[in-house]
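Keep in mind the model is a prediction, meaning the values are calculated, not measured. Residue numbers begin at 1 in each chain, while the letters A, B, ... track the order of the sequences.
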Amino acid sequence: MSKSLPKRSEDYSGWYNELVKRAGLAENSSVRGCMVIKPYGYAIWEKMQRVLDDMFKRTGHSNAYFPLFVPKSLFEAEEKNAEGFAKECAVVTHYRLKTNPDAKGKLMVDPEAKLEEELIVRPTSEAVIWNTYKGWIQSYRDLPILVNQWANVVRWEMRTRLFLRTAEFLWQEGHTAHATKEEAIAETEQMLDVYAEFAEKYMAVPVVKGIKTPNERFAGAVETYCIESLMQDGKALQTGTSHFLGQNFAEAFDVKYATKEGGLEHVWGTSWGVSTRLMGALIMTHSDDAGLVLPPKLAPIQVVIVPVFFNDTQLEQISLKANEIKKNLEAKGVSVKYDNRDTQKPGWKFAEYELQGVPVRIAIGARDLENGTAEVARRDTKEKKAYPLENIETIVEGLLHDIQENIFQKALDFRKEHTTKVDSYEEFKEVLNKKGGFVLAHWDGTPETEERIKEETKATIRCIALQTEPEEGSCMVTGKPSGKRVYFARAY
RNA sequence: CGGGGUGUAGCGUAGCCCGGUAUCGCGCCACAUUUGGGAUGUGGAGGUCGUAGGUUCGAAUCCUGCCACCCCGACCA
């Protein structure tokens, strides 16, 4: 195993794959397409979960849990949704194994134990949930229902990549039911805002909020909202989606409520989710050739203290000071690791914590004790500076704040530099090939043109941004009139 | 599912064409010297060569089947 990662500029996907493994985030498992999320990677996911979960609670949602299996008859009830997922479903057909009479010590599927109705391993839970909601909702007094679940889902992907696309992944899916269309749309938009806030304030990942074109829309939704972000290789990544389901699922599952006025109406629905794919966005937005760069707000270890010592006496003295700093920082809510192992050298530790993206590193040696200082290094810029020990906690606290701001700003600048307006198809292709990033162009609004662009350039419409100001123009491909520019990019 | 490739120690590999029981690096263990950016030396442990079969006195090497993984395509919210 070589010591350094592949360079981003030379082999971006190699860099990503190696980084995920070497930083201890995840690894491939013996199950095709499925990953093992390792403790360090899972710790980041847990922090994401905690923040998001709080945000969901604050907006009135409660958690619940629904089954992993969906009976085929339920699954197919909402036709478009079922069709959209049909090609990537794992299906349970039997419920028993038996010993194989032809191969000693081996098991085989018991042909006698065929399920009467196949069970689909959920690729998403709308079907089970709406079928359940049917029993929960009779009157307007039962609405709204604001439920979220943290779960795993399975989508049998042909080609997988750690975090970005795996056959099984972890996510949360919110499913809400409302009395009115307006309320459901407001919910959809509210959750999109929650995701955007989370991405920008916590992950430090700038996002474009928008709606999907019909081609890219969630199967079964009336409107799909999304947040899109830009990775360092110029490819876009969908980081979250929020769907206005209209009455599609209510109709498919016959979910009606009695109105105040005594009428009977189908309820309105939404669903919204973010997944472990966020980990991919986090990694690819900030990290560099030396390893992971984590935003302080999501870093499992925010500060690491590394002692530099030559003998046990020195270590003892340094530890005294280090533990004091650790305690003081922890009192301020900062998570600190004091790495006093004598089995690794300081230089090794420096490199290791850089690989793991720990935002701030404090090194204390005998020399520092004499001078009453410590060396403080920040991960994002790799700057090192000696500070007096007295107010080091304040310095570190400020630094964590700075890093959070700085990496967001850096990502935002990158996105600005890589967002290009073009007015011709030629220019469009050139920008895609030479520069990458988001390309803002006029489009005639037809699925045919969108499809043609996708086939010819591999770029898709990432979204129609919510904040886009109207601008008269003509479609770069067909010349037909267009009222605004849309975001194109090659995407993950 | 199509086209190409690869499976050899925990990881990365040489050997395969031309058959004779496996090379090197990292990591691991022990000891010593080291320790402010991934230390050095000496010694040591670790292998069903993906798997099943075939050819052969003898197979990592040749042949066949199977499995897994990677790349390209197709597919993909």
Ring-plane angle category for A/W130 and A/Y133, please: parallel below 30°, perpendicular beyond 60°, tilted otherwise. perpendicular

Rounded distance in Å - CD (A/Q344) to C1' (B/U35): 12 Å

Same-atom distance (C1') from B/G7 to B/G15, integer angstrom: 15 Å

Take A/F488 and A/F428 through the ring pair (Phe, Tyr, Trp, His ring centres under 6.0 Å) test and state the conclusion after the steps. CA-CA 9 Å; A/F488 283 92; A/F428 178 81; 5.0 Å; yes

If the plane angle is over 60° it's perpendicular, under 30° parallel, otherwise tilted; pick one for A/Y195 and A/F56. perpendicular

Gap in Å between the two C1' atoms, one belonging to B/G44 and one to B/G5, rounded: 37 Å

Distance in Å, A/I407 CD1 paired with A/T381 OG1, rounded so as to fall on 0.5 Å steps: 11.5 Å

Whole Å only: how far is the CG atom of A/L164 from the C1' atom of B/C76? 14 Å

A/R159 CZ - B/A74 P separation (whole Å): 10 Å

Can you tell me, in whole Å, how much space there is between the P of B/A9 and that of B/G65? 25 Å

Establish, with yes or no, whether the OP1 or OP2 oxygen of B/A39 is under 4.0 angstrom from a side-chain nitrogen or oxygen of A/K345. yes

Check the distance between B/C76's P and A/R217's CZ and give it to me in whole angstrom. 17 Å

Partner of A/M35 under side chain to side chain contact (heavy atoms under 4.5 Å, CB included), picked from A/L162, A/T160, A/V20, is A/L162

Nearest to the side chain of A/K458 - B/G73, B/U35, B/C76? B/G73

Under 4.0 Å between a Lys/Arg side-chain N and an Asp/Glu carboxylate O for A/K349 and A/E352? no

Please verify the inter-ring angle class for A/W150 with A/W45; under 30° counts as parallel, over 60° as perpendicular, anything in between as tilted. perpendicular

When you match A/F309 and A/G84 each to their closest nucleotide on RNA chain B, which lands nearer the 5' end? A/F309

When you compare B/C69 with B/C11, how far apart are their P atoms, in angstrom units rounded to a whole number? 16 Å

Go nucleotide by nucleotide along RNA chain B from the 5' end; which of A/N215 and A/R361 gets its closest nucleotide reached first? A/R361

Please evaluate residues A/K454 and A/E450 with respect to the criterion salt bridge (charged side-chain N to carboxylate O under 4.0 Å, His left out), reporting the C-alpha separation (whole Å), side-chain torsions for both, the decisive distance (0.1 Å), and the verdict. CA-CA 6 Å; A/K454 185 178 172 181; A/E450 186 182 7; over 6 Å; no

Working to the nearest 0.5 Å, report the span between CZ of A/R462 and CD1 of A/I227. 12.5 Å

Can you tell me, in whole Å, how much space there is between the C1' of B/A59 and that of B/U8? 14 Å

Could you state the CZ-C1' distance from A/R462 to B/C76, rounded to the nearest angstrom? 11 Å

Using a 4.5 Å cut-off on heavy atoms from C-beta on, say whether the side chain of A/H418 contacts that of A/L230. yes

Angle between ring planes, A/Y202 versus A/F198, binned at 30° and 60°: parallel, tilted or perpendicular? parallel

So, does the side chain of A/R165 form a donor-acceptor pair with the base of B/C76 at under 3.5 Å? yes

For RNA chain B, the dot-bracket notation using Watson-Crick and G-U wobble pairs below 3.5 Å, [ ] for pseudoknot-type crossings and | for other-strand pairs, is ((((((((.[[[..)....(...]]].((((((.....)))))).....[[[[[..)....]]]]])))))))....

Say you pick atom C1' in B/U48 and the same atom in B/A60; how far apart are they, in whole Å? 12 Å

Atom-pair distance (CG on A/N28; C1' on B/C11), nearest Å: 14 Å

Rounded to whole Å, how long is the line connecting atom CG of A/D342 with atom P of B/U34? 16 Å

Detail all sub-3.5 Å separations between protein N/O atoms and N/O atoms belonging to nucleotides 4-9 of chain B.
none

Given B/G37, B/G36, B/G73, the nucleotide with the shortest approach to the side chain of A/A351: B/G37

Report which part of the nucleic acid A/R277 touches: base, sugar-phosphate, or nothing (heavy-atom distance under 4.0 Å, all strands). nothing

Contact class for A/D368 vs. all strands (heavy atom < 4.0 Å): base, sugar-phosphate, or nothing? base

Which part of the nucleic acid, if any, lies within contact of A/K382, taking any heavy atom under 4.0 Å across all strands shown: a base, the sugar-phosphate backbone alone, or nothing? nothing

Testing A/H175, A/H61, A/H243 one by one against A/W272 for a ring-ring contact (aromatic ring centres under 6.0 Å, His included), which residue passes? A/H61

Taking only N and O in the side chain of A/K349, is any of them less than 4.0 Å away from OP1 or OP2 of B/G36? no

Could you work out the separation of B/G25 and B/U40 based on their P atoms and round it to a whole Å? 13 Å

How is A/T124 classified with respect to the nucleic acid when contacts are heavy atoms under 4.0 Å: base, sugar-phosphate, or nothing? base

For atom P, what is the distance between B/G46 and B/A32, given to the nearest Å? 24 Å

Looking at every strand, decide which applies to A/A221 at a 4.0 Å heavy-atom threshold: base, sugar-phosphate, or nothing. nothing

Rounding to a whole Å, what distance do you find between A/E352:CD and B/G27:C1'? 13 Å

